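Everything on this sheet refers to the single structure shown next.
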Amino acid sequence: MGQMRGKEEAIANFKYEGILIEERPYGSGHINDTHLLVFDVPETGKVKVILQRMNKSIFTEPVALMENVMNVTSYLRERIIENGGDPERETLNVIPTVDGKPYFVDSEGEYWRSYKFITGATSYDQVEKPDDFYQSAVSFGNFQRLLADYPADTLHETIKGFHDTKARFEVFKKAVEADVCGRAAFVKDEIAFVLAHEDVANILGDMQAKGELPLRVTHNDTKLNNIMIDDKTGKGICVIDLDTVMPGLAVNDFGDSIRFGASTAAEDEQDLSKVSCDMDLFDIYTKGFVEGCDGKLTAKEIEMLPVGAKVMTFECGMRFLTDYLEGDHYFKIHREGHNLDRCRTQFKLVKDMEEKWDTMNAIVAKYA
Ligand code: ADP
Ligand code: GN1
Ligand code: MG
């Protein structure tokens, strides 16, 4: 009820033109509430926009988050114009409120923001054509390259320790101990799997602490459905979902893409026999990412790309399992046991990667 009213308030307070003719929930993100609005604008015709209620329990500082988004998108806009690109389609464009703010706070204290809709492009939940995956790799690589000189220390850390896998391992152990929903007994195998992989939780943090991996401005949520692919040219045109742009590790941006896009099945597939890490897709993504970063990655970073894939997949599975144990308060679920299903696909992928480890390293070596 409250959310309904909040949405109407938000619609009335953003600087929109024309008459609202359609609105519906949109996309398959796990975090924000996304809506598509369609306006009929005199002389222009139909204009679509994205309206999102930001997830305030996850992003506890929405104002700082929107400051990041504004700063990063204006920076990208300049780079895109310098390169002769189209800033209306190649980066997110925030629609301000009538009083010029990048967000709106409704009467219940919920935060809303709105983006111009990127038309003529699609965000895919699963790889349909291998080239789409290649395009997403080039786009995420380019994103990192374009932001290589961005003053990283001016970015707010929107979620503290977001990819601190070691810290997430500790949180996981606490969730098992607390077992607030009495679910631990049903997931003994999955818990044992996590505990047996403590080394995976530590490896990247340890290397970063020793200065073996540089901190860069990274996206940190590099799912295939966070890239818009042009319907006509098939090119990756825009990186979206900028909530987690923060200093991070390049290998994690690579890895998160692999865990989602190189899987032969959906993230929540229940038939685990369908889930594996496709080595052709792994190859294609590696090629695109290394090309997109265009010489910016160190030899060590390239060497550690397979580790990034394994760590991000392990971490994500552990996060899903933690959320299952804690009563599904973080990721949106659409059925009973949804987070457990998601956890199981991730652990199946980790096992599969362990079996294909030599192949993965050999593929990466080709592009080093
Ligand atoms: P979440 O953090 O919940 O994943 P996203 O910002 O990724 O939220 O948005 C969810 C989905 O909405 C995206 O996967 C994409 O399909 C769609 N979307 C978001 N922003 C735009 C945009 N500017 N233009 C077109 N589609 C968009
Ligand atoms: C969330 O927001 P979305 O759906 O793109 C999550 C990612 C996870 C992903 C798993 C802010 O991504 O970290 O990898 O779900 N985003 C946040 O699908 O936690
Ligand atoms: Mg998203």
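Note that this is a predicted model, so its numbers are computed, not measured. Numbering of ligands and ligand atoms starts at 1, following listing order. These numbers come from the heavy atoms of this one structure, side chains and all, not from hydrogens, waters or symmetry mates.
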*Of Thr119, Ile80, Asn93, which meets side-chain contact (heavy atoms from CB on, under 4.5 Å) against Glu88?*
Asn93
_Test of proximity, Gly27 against ligand 1: N or O pairs below 3.5 Å_ = no
*Per-residue contact class, His163 against ligand 2 - non-hydrogen pairs under 4.0 Å*: neither
*For ligand 1, is there an N or O atom under 3.5 Å from any N or O atom of Asn32?*
yes
_Asp241 atom OD2 and Asn226 atom OD1 as seen from the Mg ion (ligand 3), angle to 10 degrees_ = 90°
_So, regarding Asp243 and ligand 1 (criterion: nitrogen or oxygen to nitrogen or oxygen, under 3.5 Å), is there a contact or not?_
no
*What residue and atom, counting heavy atoms only, is the protein's closest point to atom 5 (P) of ligand 1, and at what distance?*
Gln52 NE2, 3.4 Å
*Quick one: look up the protein heavy atom nearest atom 12 (O) of ligand 2 and list residue, atom name and how far away it is.*
Asp221 OD2, 3.1 Å
*Return yes if a side-chain donor-acceptor contact under 3.5 Å exists between Glu291 and Tyr134, otherwise no.*
yes
_Polar proximity ligand 1 side, Ser28 side, N/O cut 3.5 Å exclusive_ = no
_Sidechain N-carboxylate O distance under 4.0 Å for Lys310, Glu354_ = yes
*atom 23 (N) of ligand 1 [closest protein heavy-atom partner, distance rounded to 0.1 Å]*: Lys116 O, 3.0 Å
*Hey, is ligand 1 close enough to Tyr26 that some N/O pair sits below 3.5 Å?*
no
*Does a donor on one side chain and an acceptor on the other come within less than 3.5 Å for Ser276 and Thr264?*
yes
*Numbered atoms and elements of ligand 2 in range of Gly29, under 4.0 angstrom, heavy atoms*: 4 (O)
*Could you tell me whether some N/O pair between Glu267 and ligand 2 is separated by less than 3.5 angstrom?*
yes
_Glu315 side chain to Thr165 side chain, donor-acceptor N/O pair below 3.5 angstrom_ = yes
*Got the closest protein heavy atom to atom 14 (O) of ligand 1, with its distance?*
Asn225 O, 3.0 Å
_Pairing of Arg89 and Asp230 as salt bridge, 4.0 angstrom limit_ = yes
*Under 4.0 Å from any heavy atom of Asn226, which atoms of ligand 2 are there?*
5 (O)
*Could you tell me the residue and atom name of the protein heavy atom closest to atom 21 (C) of ligand 1, and the distance to it rounded to 0.1 Å?*
Ile50 CG1, 3.5 Å
*So between Arg259, Met312, His30, Lys223, whose heavy atom ends up nearest atom 14 (O) of ligand 2?*
Arg259
